[in-house]
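Remember, it's a predicted structure, so these values are computed and weren't measured experimentally. Note on naming: letters A, B, ... go to the chains in the order of the sequence lines (proteins, then strands), and numbering restarts at 1 for each one.
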Amino acid sequence: MAINPEFAGKTFPPTEPYQVSREKLREFADAIGDTNPVYRSPAAAQEAGYPDVIAPPTFPIVISVASSSKALADPGLNLNYAMVVHGEQRFEYSRPIVAGDVVTAQSTITSIRDVGSLSMMTTTTEIRTVDGEHVCTAHSTLVERGS
Amino acid sequence: MSDQVSYDSLEVGAELAEVSYPATRLSLVMYCGASGDFNPIHWNERIAKSVGLPDVIAHGMFTMAQAGRYVTDWAGPEAIVVEFGVRFSAPVVVPDDNSGASIIVSGKVEQKLDDNKVALALTAKSDGTKVLSRARAVVKLP
């Protein structure tokens, strides 16, 4: 059975605030093998014009998945997670995430459509500081293979 | 990290040097922990094969992260990534040996936009297969 098309257009409540720490950013940079000092050294980040260490460009996925996975777990959506692959990913940034940011993420299912034996779902997740400043928008396409 | 690239020094069509990034089983285990994505197809060969994959595969976002690293290393510390998108066209298969897989990223200057922004068209391959398609980053340069 395919993904429930009635969920297209549904917006989910924002997540609890997520506090971005220097240690998490360093852990993420280590995991992707990126030795850039702006992800680890506050002095290097300040020299590049930032108040503290910044996040690599793909780090917002950690925050956006925390938001969208809650939405995707809704049993009414009928998503078979074992059959899901990541089709596309795109980020639009107002600025890099900086250590010390406290952000929330809010996801909307923007479309659900069937293409042959595949179901494709796109989600848009807005990441903002708790003060409302836009930081990043993440667009994801998930593909559920027919079972 | 490379030197700072300036907007004025770039020409549309200019090719960027390709860079090879390793993806080992250890990288994937570290990425599971850092990202919170513990899908067993990224660390368990038995389960990966049971769902029809040739072996353990890298997280798509790990591969995208290597392309991101390519962009930021090329663009230099004063550059700001404004937009970054990819399509995952094939998985990066990571064998259980000492060297793992290689993700080879290349790029070219696709467009010079206003406000000191440039669009880069990126290519990522592993084992001769294109693993990212329609990969594009927009970077604001000094």
Same cluster (ILVMFWY, side-chain, under 4.5 Å), [X] and [Y]:
{"X": "B/L16", "Y": "B/M64", "result": "yes"}
{"X": "A/V84", "Y": "A/I112", "result": "yes"}
{"X": "B/W43", "Y": "B/I57", "result": "no"}
{"X": "B/I41", "Y": "B/V131", "result": "no"}
{"X": "B/Y21", "Y": "B/V93", "result": "no"}

#### Entry: Audit row: A/D34, B/T72, side-chain contact (heavy atoms from CB on, under 4.5 Å) steps and yes/no
CA-CA 10 Å; A/D34 196 326; B/T72 52; 4.3 Å; yes
Rounded at 0.5 Å granularity, tell me how far [atom1] in [X] sits from [atom2] in [Y].
{"X": "A/T58", "Y": "B/F84", "atom1": "OG1", "atom2": "CZ", "result": "7.0 Å"}
{"X": "B/E83", "Y": "A/F91", "atom1": "CD", "atom2": "CZ", "result": "12.0 Å"}
{"X": "A/Q89", "Y": "B/R87", "atom1": "CD", "atom2": "CZ", "result": "13.5 Å"}
{"X": "A/S64", "Y": "B/M61", "atom1": "OG", "atom2": "CE", "result": "7.5 Å"}

### Query
So what's closer than 4.5 Å to chain A heavy atoms on B/E78: side chain, backbone, both or neither?
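The answer is neither part of B/E78.
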### Task
Measure B/A79 against the heavy atoms of chain A and call it side chain, backbone, both or neither at under 4.5 Å.
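Contact with chain A involves the backbone of B/A79 alone.
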So for [X], is it side chain, backbone, both, or neither that comes closer than 4.5 Å to the heavy atoms of chain B?
{"X": "A/I61", "value": "side chain"}
{"X": "A/P57", "value": "side chain"}
{"X": "A/Y50", "value": "side chain"}

#### Entry: Under 3.5 Å donor-acceptor, B/R69 side chain and A/I32 backbone
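Such a contact is found between B/R69 side chain and A/I32 backbone.
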### Message
Using a 3.5 Å distance criterion without hydrogens, assess whether the side chain of A/E88 forms a donor-acceptor pair with backbone atoms of B/G85.
### Response
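The answer is no, because no donor-acceptor pair under 3.5 Å joins these two groups.
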### Message
I'd like to verify something: which residue of B/A65, B/S133, B/G68 has the highest number of heavy-atom pairs under 4.5 Å with chain A?
### Response
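Top count of heavy-atom pairs under 4.5 Å with chain A: B/A65.
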### Heavy-atom pairs under 4.5 Å with chain A, option from B/D37, B/V138, B/V86 with the top count
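Of the options given, most contacts go to B/V86.
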### Message
Counting heavy-atom pairs closer than 4.5 Å to chain B, which one of A/E47, A/E27, A/E92 comes out on top?
### Response
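Of A/E47, A/E27, A/E92, A/E27 has the most heavy-atom pairs under 4.5 Å with chain B.
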### Task
Identify which of A/G87, A/P96, A/A48 forms the greatest number of heavy-atom pairs closer than 4.5 Å to chain B.
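Highest number of pairs under 4.5 Å: A/G87.
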Could you tell me whether [X] atom [atom1] has more than 12 heavy atoms of other residues or ligands within 6.0 Å of it?
{"X": "B/N98", "atom1": "CG", "answer": "no"}
{"X": "A/E23", "atom1": "CD", "answer": "yes"}
{"X": "B/D127", "atom1": "CG", "answer": "no"}
{"X": "B/K140", "atom1": "NZ", "answer": "yes"}

#### Entry: Beyond-backbone contact of B/V81 with A/Y93, side-chain heavy atoms, under 4.5 angstrom
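They are in side-chain contact.
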#### Entry: With sequence neighbours excluded, residues passing salt bridge (Lys or Arg N to Asp or Glu O under 4.0 Å) with A/R40
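Only A/D30 meet the salt bridge (Lys or Arg N to Asp or Glu O under 4.0 Å) criterion with A/R40.
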### Exercise: identify the closest heavy-atom pair between B/F62 and A/A31
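Nearest pair, atom of B/F62 first, then A/A31: CE1-O, 3.4 Å.
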